[in-house]
Amino acid sequence: MSTELPAWPAEVDLDRGRAYLRDMLRVRRFEEKAAEVYQAGHIHGFLHLYIGEEAVAAGALPELRAEDAVFATYREHGHALLRGVSAGAIMAEMYGKAEGCSRGRGGSMHLFDAARRFYGGSAIVSGALPMAVGLALADKLLGVPGLAACFFGEGAMAEGAFHESLNLAALWHLPVLFICENNLYAMGTALAVSHARTDLAARAASYGLAAEAVDGMDVLAVAQAVAHATRAIREGLGPHFIECRTYRFRAHSMFDPELYRSKEEIEAWKARDPITTFAARLRAHGWLDDGAMAALEAEVAGEVAAAVAFAEAGSPEPVAALLEDVYA
Amino acid sequence: MSTELPAWPAEVDLDRGRAYLRDMLRVRRFEEKAAEVYQAGHIHGFLHLYIGEEAVAAGALPELRAEDAVFATYREHGHALLRGVSAGAIMAEMYGKAEGCSRGRGGSMHLFDAARRFYGGSAIVSGALPMAVGLALADKLLGVPGLAACFFGEGAMAEGAFHESLNLAALWHLPVLFICENNLYAMGTALAVSHARTDLAARAASYGLAAEAVDGMDVLAVAQAVAHATRAIREGLGPHFIECRTYRFRAHSMFDPELYRSKEEIEAWKARDPITTFAARLRAHGWLDDGAMAALEAEVAGEVAAAVAFAEAGSPEPVAALLEDVYA
Amino acid sequence: MSLTYREAVRRAMCEAMRRDPRVFLMGEDVGRYGGCYAVSLGMFQEFGPERIRDAPLSELGFVGAGIGAAIGGMRPIVELMTVNFSLLALDQVVNNAALLHHMSGGQVAVPLVIRMATGAGRQLAAQHSHSLEVWYAHVPGLKVAAPATVADAHGMLAAALEDPNPVILFEHMLLYGLEGELPDDAGPADLVHAAVRRPGRDISLITYGGSLPKTLEAAARLAERGVDAEVVDLRVLRPLDTATILASVRKTRRAVVVDEGWKTCGLAAEIVATLVEGAFYDLDAPPARVCSAEVPIPYARQLEEAALPQAATIVATALAAVGARV
Amino acid sequence: MSLTYREAVRRAMCEAMRRDPRVFLMGEDVGRYGGCYAVSLGMFQEFGPERIRDAPLSELGFVGAGIGAAIGGMRPIVELMTVNFSLLALDQVVNNAALLHHMSGGQVAVPLVIRMATGAGRQLAAQHSHSLEVWYAHVPGLKVAAPATVADAHGMLAAALEDPNPVILFEHMLLYGLEGELPDDAGPADLVHAAVRRPGRDISLITYGGSLPKTLEAAARLAERGVDAEVVDLRVLRPLDTATILASVRKTRRAVVVDEGWKTCGLAAEIVATLVEGAFYDLDAPPARVCSAEVPIPYARQLEEAALPQAATIVATALAAVGARV
Ligand SMILES: Cc1ncc(C[n+]2csc(CCOP(=O)(O)OP(=O)(O)O)c2C)c(N)n1
Ligand SMILES: Cc1ncc(C[n+]2csc(CCOP(=O)(O)OP(=O)(O)O)c2C)c(N)n1
Ligand SMILES: [Mg+2]
Ligand SMILES: [Mg+2]
C-alpha cells in the first residue's frame with residue numbers, strides 16, 4: 001500500500017463523504033453488537049458477519065434507487081440496513097420476534113423488506129442470481145425503470161447457477177448488476193482452491209458483459225464503479241459485473257475455528273480497514289475531526305442500542321401462528 | 001468455400017485415409033438403416049441421428065487408446081460403432097433385444113460397453129461432463145495412463161454442469177478432452193438464441209484451459225486437432241477443449257417438424273457433406289476410384305445388413321428378468 | 001367443442017396471454033420449435049419472442065428467473081419440457097419458490113406456474129421416464145396438480161394462473177393426444193377438489209394423471225366381472241383433498257391406489273396412510289397399491305410394460321381386495 | 001472405547017483410507033477447514049490434499065465427478081455438507097448414480113458413498129433445515145441409510161464403502177455430538193436390517209436417524225405411564241427391512257411412526273402403507289404418524305420446536321393409540 005492518499009473525487013461533497021463513513025460505521029457497530037448478543041444467547045442459528053467488507057455495501061447501495069431491487073446472501077445485515085430496513089427490525093428478526101422484518105420466520109439469513117424491494121437474505125450459495133435475472137426480466141417486460149442488484153461471494157461463482165444467470169442476463173440484455181464480494185474465501189476454501197482462473201472480472205467478461213474489478217476496501221472506488229455501472233444499465237447497455245476485492249475480518253460464521261488462514265494475513269488486511277482508512281482520508285481532507293467522529297460514534301451507538309432494546313421488547317410469535325405464511 | 005483442396009497431410013497414409021472414409025460411411029449407412037427400421041416399427045422411443053456430423057467421431061475416435069474412456073450423448077450410435085462396439089450389438093440394443101450392448105435396458109440413447117470403456121449414451125444434456133471429470137480424476141489418483149473424452153452438443157454449454165466441469169477439470173489439471181459438437185442447434189434453438197457469446201472456444205478458454213475451434217466437416221482437421229490435444233493431455237498439460245463446427249442434416253429426432261431452419265440453410269451445409277467432400281479429396285489424391293468406392297459401399301452395406309439380421313434374430317429379454325440389474 | 005389435451009393447454013395459455021399482459025411463456029424450445037410436445041405450436045407467431053421466450057438449456061437458471069419475474073410482477077408460465085430435467089431446477093423450486101413466502105413472513109408471493117410433461121410408456125428408457133410428482137407433493141408452499149382430462153388441462157392451468165402461489169402442473173405425455181369436449185366459455189377449474197370420475201359401490205380406485213385412462217378401463221373390465229368400482233381422480237396432489245377420498249372409501253370400504261411412480265415412498269403410500277388415518281374402522285380390506293416396479297424404467301417394450309401399472313394388474317388387485325370380504 | 005458420532009464417522013473414513021488407496025474424501029471444506037461439522041478434522045493433515053479434496057461450490061459437478069471416479073476404479077466418499085445443498089446435485093444422483101447399472105445392462109457399477117448432514121433443530125431456518133431422506137429412499141438403484149448410533153455411524157460407513165452400489169448416508173446434525181461405545185476392532189455393520197433398540201409389548205415406535213433419541217425418550221416416559229413401547233430403528237431406508245417392522249407390529253398390534261420429514265408424502269407414509277399391506281389384520285388401531293408440520297421450518301425457537309416432532313407429541317400419540325384398544 002502506498003501511504004499517499006488518492007485524490008478526493010470532486011463529486012463527493014462533505015455530506016456524502018460523512019454519509020459513507022456513517023454507513024460503514026453503522027454496519028460495523030451493528031455487527032459487533034450482533035456477535036455480542038449471539039454470544040449472550042439471544043440469537044441462534046448461523047450468524048455471518050460483514051465486518052471488514054463494509055465498503056462494498058456502503059459504496060454500492062446509495063447508488064440504487066427505490067425502483068431497483070436488491071438480492072443478497074446470508075451475510076446481508078449490512079445490505080438490509082443500508083437499504084433502509086431499520087436496525088430494530090433486523091435485530092428483532094435475529095431475536096426471532098414478531099416485530100422482525102420477516103416476522104421471526106427468517107432469522108439472520110433471511111431478512112426481507114418487500115416495500116424496499118429488498119428480496120433477501122438467501123442462504124443457498126448462488127441461489128439468488130437466477131431470481132435477480134428474472135426480476136430484471138420483469139422490469140424489462142413491464143417496461144418499468146429499475147434494475148436488479150445481486151450481491152454474492154466469489155465462492156458462488158463456481159456454481160452452475162452463476163454461469164446460467166450470467167449467460168441469461170447477457171443473452172437477454174437485462175438490467176442486472178452483479179456484485180461479487182470477493183473476500184478471498186468461501187468458508188475455508190481460498191479463491192485459488194475454488195477457481196482455476198482467479199481473475200473473476202475476466203471470467204465474467206467471457207459471457208459478453210461489461211465487467212471490472214475494484215478495490216472493495218475503498219468505499220469511494222466501489223461507489224464510483226457502481227455509479228458508472230448503474231448509469232450504463234439504466235441507459236439500456238445490459239448487465240454489468242463488478243468484482244469488489246475485500247476481506248472478511250471475522251470467522252465465516254460463529255462456528256469457524258479459522259484453521260485455513262494465518263493471523264498475519266488477517267492483520268495485513270486489517271491494516272486496510274475500510275473504516276479507519278476512509279476516516280483518515282476524511283480527516284486529511286479536513287472533513288472529520290475527533291469531535292465529529294465521537295459524535296458519529298455516539299449516534300451509531302444509540303441506533304444500535306435502540307435496536308437491541310426494540311428487539312428485546314418485541315413479542316415472540318405465538319405457536320398458534322405456526323402454519324401461517326405457507327400459502328399466499 | 002474455396003474449391004481448392006487443402007494440402008494432404010503427410011502423416012495420413014493410404015490406409016488411414018481410406019479408414020476415415022470407411023468410418024464415416026459406416027456411421028452414415030448405419031444411421032440411414034436405423035431410420036428405416038424405426039419407420040418400419042422395429043425401433044421405438046427417441047432416435048437421434050448423427051448424419052452430417054460423422055467427421056467429428058471419425059476424426060476423433062481413432063486418436064483414443066484402449067485405456068481412454070469415452071462419454072457421449074443420446075446421439076451416440078456413431079461413437080459407439082467407431083469405438084469398436086459391433087453394429088449388431090448396437091442395432092440389437094435399439095431393437096430392445098437381450099443381445100444388445102445394454103441388454104435391451106438402454107435403447108438408442110444408452111449404449112454401453114464397459115470393456116471398451118464406452119460409458120454411454122447419456123440423455124440428460126450435459127449430464128456426462130461431470131462424470132468424465134471424475135473418471136479422469138480416478139486415472140490421475142490411480143496413476144494410470146488414459147484420458148476421458150467427452151462429446152456433447154453446443155446446447156449443453158449453457159448448462160451449469162458444463163461450467164462446473166470445466167472449472168473442476170482445469171482446477172485439478174485433469175486429463176479430460178472436451179469435444180463440443182457444435183451443430184448450431186439444440187433441438188430448435190439456434191446457437192445465438194442459447195448463448196450470449198457464440199465463440200465457444202473462447203468461452204471455454206476463459207476457464208483457463210487450452211481451447212480451439214476446428215472445421216467439424218473435415219475429418220482430417222478434426223483428427224489433427226484431437227491428435228494434438230490428446231498428445232498434450234497425455235504429456236500432463238491438463239484438459240483441452242475442441243469445438244467442432246458441424247451440422248446435423250436430419251431432424252433433431254424422429255418427431256421434429258424442423259420449423260426453425262430453412263431448406264436453403266440445410267442445402268448449403270449438405271454441399272459440405274463430410275463424406276462426399278472427403279471422398280473427393282481422396283480421389284483427387286489418387287487414393288480412391290469408383291471401384292474402390294463401390295467395394296467400400298458393399299462392405300459397409302454388408303455390415304449394416306448383418307447388424308439388422310443379428311438384431312432381428314435376437315431374443316427379447318424375458319419379463320421375469322425385469323428386476324435384474326438394479327443393484328450390483 | 002372437441003379438442004385434444006394438448007390444444008386445451010395451449011388454449012388456456014393463449015387466453016391468459018391475450019387477457020393479461022403479465023403472462024408469458026418461457027422454456028426450452030417453446031417458441032421457434034413449437035414445443036417439445038407441440039403444446040405451444042403457433043404461439044411464437046402470435047405473441048412473438050419476448051412473450052414466448054425460448055430459453056437456453058439452463059433449467060436452474062430459467063426456473064429461478066421465472067421466480068424472479070413472478071416476484072417482479074409478472075405471471076410467468078415456465079415449461080420444463082419434462083420432469084426428468086426438473087431435477088436440475090429443484091433447488092430453485094424448493095428453496096426459493098416454495099419457501100420465499102414463508103421466510104419473508106408473508107411479504108413475498110411467487111405467482112409462478114411451472115408446467116412439465118411426466119411419465120413413461122413411450123420406451124424412452126430410464127432417464128426419460130420418471131414420475132416424480134410425489135417429490136413435489138411433499139413440499140409445503142407448493143401447489144401441485146395433475147390434470148387428467150381435457151377440461152382440466154385447460155381449467156387447471158387457467159386456475160393456476162390466478163393463484164398467488166407457485167403451482168406445478170404435471171402433464172402426462174401420453175395424455176397430450178387425448179380428445180375431449182370443452183365449452184367455448186370454459187373458465188378456470190377448481191384447484192382444490194378430487195373428482196369422482198365413475199361412481200361405484202364395491203371398491204374405490206384412486207388415481208391421478210396418466211393412470212386415469214388405465215384405471216377407467218380397469219373399472220369397465222371390473223364391471224364385466226360384476227364389481228362396481230368407483231374411480232377417484234385426485235386432480236390436486238398438494239394439498240390433497242382427503243375429504244373426497246375418505247368419503248369414497250367410507251362408502252366402498254375397499255381401495256386400490258394406482259400411481260405410475262415407484263411404489264416405495266410414492267404418492268400411493270400417502271393415500272394409503274390417509275385412508276388408514278381417516279377411515280381405518282371403515283375398511284373391510286387393506287388398501288392396496290398398484291405402482292411401478294422398483295426398477296429404472298427399461299427401454300425394451302415388454303420390460304417397460306411389465307414395469308408400469310396396467311389395467312390388468314389393477315383389475316387383479318381389485319378382485320383380490322373384493323375377494324377379501326369376510 | 002468411548003467416542004462421539006462425529007469421531008466414529010471420522011474413524012471409519014480414516015480406517016478405510018489407511019487400508020485402501022482407492023478411498024478418498026471429496027467435498028466442500030472437508031480439508032483445510034476441517035469439515036463444516038468438523039467430521040474430517042485432521043484428515044487433511046494425515047492424507048493430504050489429493051485424498052482429502054476440497055471442492056469448489058459445485059455440488060452437481062463434484063457429485064458427478066464422484067460417480068465418474070467410482071466408475072474409474074476409485075471408492076470415493078463425497079460429502080455434500082448438508083441435504084439442503086444436495087438438491088443441486090440430485091440430477092447426477094438419480095439420473096447417473098442410480099440408473100447407470102441398469103441402463104448399461106449390468107456392466108457399470110457405481111461404488112460411491114455420499115454422506116450428508118440432515119435435519120433441523122438448530123434454528124437454521126427453512127433453507128437449512130430440510131429432511132429429504134424420503135426422496136432418496138424412493139429411487140431404485142440407490143441404497144439409503146441413516147445411522148442413529150455411534151456404532152452405526154462407524155459401521156454403516158464401513159459397510160457402505162464395501163458395497164458395489166451408490167450408498168447415501170444421512171447424518172443428522174444433532175447426532176454429531178452423541179457419545180457412545182465402539183470396540184477397537186469394530187468392523188462393518190450390516191446394511192440390511194432394522195434394529196429393535198428397545199423391546200416392548202404394547203406399541204411399536206418406528207423411527208430412524210435424528211428422531212431416535214426423542215423416540216427413546218418418549219418410550220421411557222411411556223414406561224412411566226405403564227406403556228411398554230418397542231422402539232424400532234429403521235437404519236436402512238432403502239431397501240426397507242419390512243420383515244423386522246412387521247414382526248414388531250404383529251407383536252404389539254399398534255404403531256406410531258416418527259419421522260422428522262414433512263408428513264405428507266413422507267417416509268412415515270411408506271411405513272404405514274407397509275404395515276397395512278403386511279399386517280392389516282393384526283392391527284388393533286390405525287398406525288399413526290408423528291412428523292414435521294406442513295410448514296417450512298421457521299427460525300424462531302418456539303416455532304421451530306412446534307414444527308418438529310417432539311417426545312411429548314410421540315407420547316401423546318402413543319397413548320391415544322393404546323387408548324384406542326377395543
Ligand atoms: C449451495 C450451497 N452450498 C454450500 C453452502 C454452505 N456454505 C455457506 S456459505 C459458504 C461459502 C460461500 O462463500 P462465498 O460465496 O465466497 O461467500 P462468503 O461467505 O465468503 O461471503 C458455504 C460453502 C450453502 N449455503 N449453499
Ligand atoms: C437437461 C436436459 N434438458 C433438456 C433435454 C431435452 N433435449 C434433448 S436433446 C436437446 C438439445 C441438445 O442440444 P445440443 O446439446 O446442442 O446437442 P445436439 O442434440 O444438437 O447434438 C434437448 C433440449 C434433455 N435431454 N436434458
Ligand atoms: Mg467469499
Ligand atoms: Mg447442437
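Quick caveat: nothing in here was measured; it's all calculated off a predicted structure. Naming: A, B, ... by sequence-line order, numbering from 1 per chain.
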Original post:
If you measure only the distance, is there a donor-acceptor pair under 3.5 Å linking the side chains of C:Tyr136 and C:Ser86?
Top reply: yes
**OP:** Measure distances from A:Asn167 to the heavy atoms of chain C and classify the residue's part below 4.5 Å as side chain, backbone, both or neither.
**Re:** side chain
Original post:
Do you see a donor-acceptor pair shorter than 3.5 Å between the side chains of C:Glu171 and C:Tyr37?
Top reply: no
Original post:
Looking only at side chains, do C:Glu79 and C:Ser40 share a donor and an acceptor under 3.5 Å apart?
Top reply: no
**OP:** Select, from A:Val133, A:Ile124, A:Leu174, the one with the greatest count of heavy-atom pairs under 4.5 Å involving chain C.
**Re:** A:Ile124
**OP:** Specify whether A:Phe241 and A:Phe162 have parallel, tilted or perpendicular ring planes, treating 30° as the upper limit for parallel and 60° as the lower limit for perpendicular.
**Re:** perpendicular
Original post:
Donor-acceptor pair, C:Asn165 side chain versus A:Ala328 backbone, under 3.5 Å?
Top reply: yes
Subject >> C:Leu88 portion near chain A, given a 4.5 angstrom heavy-atom threshold >> reply: neither
Subject >> Contact class of A:Ala132 relative to chain C, heavy atoms under 4.5 angstrom >> reply: neither
**OP:** Applying side-chain contact (heavy atoms from CB on, under 4.5 Å), run through C:Arg53 and A:Leu141 and close with a yes or a no.
**Re:** CA-CA 11 Å; C:Arg53 184 167 289 265; A:Leu141 291 175; 3.7 Å; yes
Subject >> Proximity breakdown for C:Glu50 and chain A, heavy-atom pairs closer than 4.5 Å >> reply: both
**OP:** Would you kindly say whether A:His77 and A:Ser108 are connected by a side-chain donor-acceptor distance under 3.5 Å?
**Re:** yes
Original post:
With a 4.5 angstrom heavy-atom cut-off, which part of C:Val78 approaches chain A: side chain, backbone, both or neither?
Top reply: neither
Original post:
Who among C:Ala65, C:Gly72, C:Pro166, C:Ala70 has the most heavy-atom pairs with chain A under 4.5 Å?
Top reply: C:Ala65
Original post:
Do you know which of C:Pro76, C:Ser104, C:Gly61, C:Gly106 has the most heavy-atom pairs with chain A at a distance under 4.5 angstrom?
Top reply: C:Ser104
**OP:** Step by step, work out the side-chain contact (heavy atoms from CB on, under 4.5 Å) result for C:Ile271 and C:Leu234.
**Re:** CA-CA 10 Å; C:Ile271 303 300; C:Leu234 293 172; 3.8 Å; yes
**OP:** Could you check which of A:Gly127, A:Gly121, A:Ala123, A:Gly104 has the highest count of heavy-atom pairs closer than 4.5 Å to chain C?
**Re:** A:Gly127
Original post:
Taking every heavy-atom pair that is under 4.5 Å apart, which of C:Ile67, C:Asn96, C:Leu57, C:Val108 has the most such pairs with chain A?
Top reply: C:Asn96
Original post:
Highest number of heavy-atom pairs under 4.5 Å with chain A: which of C:Val110, C:Asp163, C:Asp91?
Top reply: C:Asp91
Original post:
Among C:Lys143, C:Met74, C:Glu59, C:His101, which has the most heavy-atom pairs under 4.5 Å with chain A?
Top reply: C:His101
**OP:** Can you tell which part of A:Leu129 gets under 4.5 Å to a heavy atom of chain C, answering side chain, backbone, both or neither?
**Re:** neither
**OP:** Could you tell me which portion of A:Glu93 (side chain, backbone, both or neither) has an atom closer than 4.5 angstrom to a non-hydrogen atom of chain C?
**Re:** neither
Subject >> Residue, of C:Pro56, C:Gly73, C:Ala109, C:Pro111, that accumulates the most heavy atom pairs under 4.5 Å with chain A >> reply: C:Pro56
Original post:
Quick one: do C:Arg235 and C:Asp152 make a salt bridge, cutoff under 4.0 Å?
Top reply: yes
Subject >> For A:His79, the option from A:Tyr119, A:Phe151, A:Phe118, A:Phe30 that meets ring-ring contact (aromatic ring centres under 6.0 Å, His included) >> reply: A:Phe151
